[in-house]
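Residue numbering restarts at 1 for every chain, and letters A, B, ... go by the order of the sequence lines. Here the structure is a predicted model, which means the values were calculated and not measured.
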Number of protein chains: 2
Amino acid sequence: MKPENRKNEIVKAAAKLFKEKGYSAVTMRDLAKDLGIKASSLYNHISSKQDLLSAIIISLAEEFTAEMETILNSSANSIEKLKRIVSIHVCISSEHSNGMASLNNDWMHLEHQLPYYLKLRSEYEDNFRRIILAGINTGEIKNEQAEVILFSMLSTLRSLYLWIPNKEEVDTASLTNTLSEVLINGIAK
Amino acid sequence: MKPENRKNEIVKAAAKLFKEKGYSAVTMRDLAKDLGIKASSLYNHISSKQDLLSAIIISLAEEFTAEMETILNSSANSIEKLKRIVSIHVCISSEHSNGMASLNNDWMHLEHQLPYYLKLRSEYEDNFRRIILAGINTGEIKNEQAEVILFSMLSTLRSLYLWIPNKEEVDTASLTNTLSEVLINGIAK
DNA sequence: GTCTATATTTTGATAGAC
DNA sequence: GTCTATCAAAATATAGAC
């Protein structure tokens with residue numbers, strides 16, 4: 001077993017605890033106890049608590065960035081692009097439900113990687129906004145305030161981690177369809 | 001000046017800091033420094049850090065409960081009731097933007113008041129769900145999965161505190177209308 | 001109402017044996 | 001790879017002077 005595997009186990013356990021209580025409230029002793037070892041043993045695999053947070057958040061942020069890039073480079077129309085954004089949020093949230101909690105709630109506790117995270121996030125939001133504005137221009141999307149649409153969709157998508165139980169029980173394709181319908185066409189008959 | 005006033009100042013400052021870094025990451029020294037006093041001086045006005053969290057969260061949870069009661073007792077149809085739910089979230093979030101952060105993210109750090117908070121929250125969600133189901137029954141609302149509709153609306157409404165800058169700059173009536181339109185009728189033309 | 005001084009726990013992290 | 005022992009810093013909170 002490579003040391004990488006043990007580190008992954010630790011990161012995974014950390015993400016679970018960070019979701020339950022938040023980064024700051026989880027101690028290295030809590031984490032060690034969850035893994036059945038002593039706190040000092042953790043430091044053979046990681047160099048600091050901060051490293052755990054970075055590992056969890058940055059990999060997810062980069063995954064969203066990569067997926068958004070693919071969508072931008074596609075020839076789909078704006079509504080189709082929005083549906084694909086819904087899809088990547090459903091998929092990533094169901095695969096990494098615990099890590100999404102840190103991405104959403106504990107990013108401010110990043111240290112060295114904070115500027116990089118903020119850059120990725122603001123680029124992601126800018127691209128999301130451009131897709132909405134393009135849809136308004138082509139007449140696909142209502143000319144409501146684009147910022148309200150962006151906020152509403154992003155809020156729902158970012159909260160998915162709280163709602164998706166775990167990947168075994170989720171039909172991601174079906175959830176993506178229902179959620180897209182609700183977000184794009186509304187709920188009124 | 002009654003001691004109540006000084007306590008309110010402390011609670012207000014605490015809510016601001018809790019929003020920035022979360023309850024667990026804010027120390028009593030941070031809070032004292034923000035108020036220009038020493039940490040020990042805080043204890044003449046409050047009995048513990050935990051008290052601050054309870055004061056912030058429980059008063060907001062009770063406010064939502066009271067407003068929901070009013071909506072339930074009204075004779076409005078389901079769509080109108082949903083619009084009024086949007087309205088109370090916009091109003092409370094613009095009045096108490098900082099406190100909403102604790103309500104959403106730090107409720108798990110409540111101690112004595114945790115069961116009470118959980119009761120209020122689950123009753124609120126039950127009432128919200130019943131309004132949606134009633135609307136589906138009367139044909140006002142599409143027969144999508146009610147849980148997806150509930151999740152989507154609640155996620156957006158709960159995130160308002162992140163998005164509303166401050167009450168001076170927000171036209172709550174206008175935001176309520178735009179947000180209701182987006183949530184209820186969707187964004188597709 | 002705020003201060004200084006301090007008690008008590010808990011925290012992240014290191015050193016070195018096995 | 002995990003342990004015991006330990007450190008240094010930081011945490012919540014109290015006591016008592018002013």
When rounded to whole Å, the CG to P distance for the pair L31(B) and dA10(D) reads 18 Å
Distance-only donor-acceptor test (3.5 Å): side chain R6(A), base dG1(D): no
Between CG of L35(A) and P of dC3(D) the distance, given in whole Å, is 11 Å
From CD of E111(B) across to C1' of dA13(D) the rounded distance in Å is 14 Å
Of S47(B) and R29(A), the one whose closest nucleotide on DNA chain D sits nearer the 5' end is R29(A)
- prompt: Is K16(A) salt-bridged to E20(A), cutoff N-O under 4.0 Å?
  reply: no
Distance below 4.0 Å between S41(B) side-chain N/O and dC3(C) OP1 or OP2: yes
Whichever of K38(B) and D30(A) has the more 5' nearest nucleotide on DNA chain C, that residue is K38(B)
In whole angstroms, the gap separating C1' of dG12(C) from CG of L53(A) amounts to 15 Å
| request: Kindly indicate, with the supporting measurements, whether the criterion ring pair (Phe, Tyr, Trp, His ring centres under 6.0 Å) is fulfilled by H96(A) and Y161(A). | output: CA-CA 8 Å; H96(A) 305 283; Y161(A) 78 96; over 10 Å; no
To the nearest angstrom, the CG-P distance between L42(B) and dA11(D) comes to 14 Å
Whole-Å distance, I10(B) CD1 to dA13(D) P, equals 13 Å
Of the candidates dC3(C), dG12(C), dA13(D), the side chain of K49(B) sits closest to dA13(D)
Under-4.0 Å salt bridge between R158(B) and E125(B): yes
To the nearest angstrom, the CG-P distance between L52(A) and dG12(C) comes to 11 Å
| query | Looking at Y43(B), does any N or O in its side chain come under 4.0 Å of the phosphate oxygens OP1/OP2 on dT14(D)? | reply | no
#### Entry: Distance-only donor-acceptor test, S40(A) side-chain atoms vs dT4(D) base atoms, 3.5 Å
yes
- Task: Answer yes or no: is there an ion pair linking D126(A) with R129(A), defined by an N-O contact shorter than 4.0 Å?
- Result: yes
Here's one to test your reading of the geometry: is the NZ or CZ of K49(A) within 45 degrees of the ring axis of Y23(A) and under 6.0 Å from its centre?
yes
note: M28(A), atom CE; dT9(C), atom C1'; distance rounded to Å ~ 19 Å
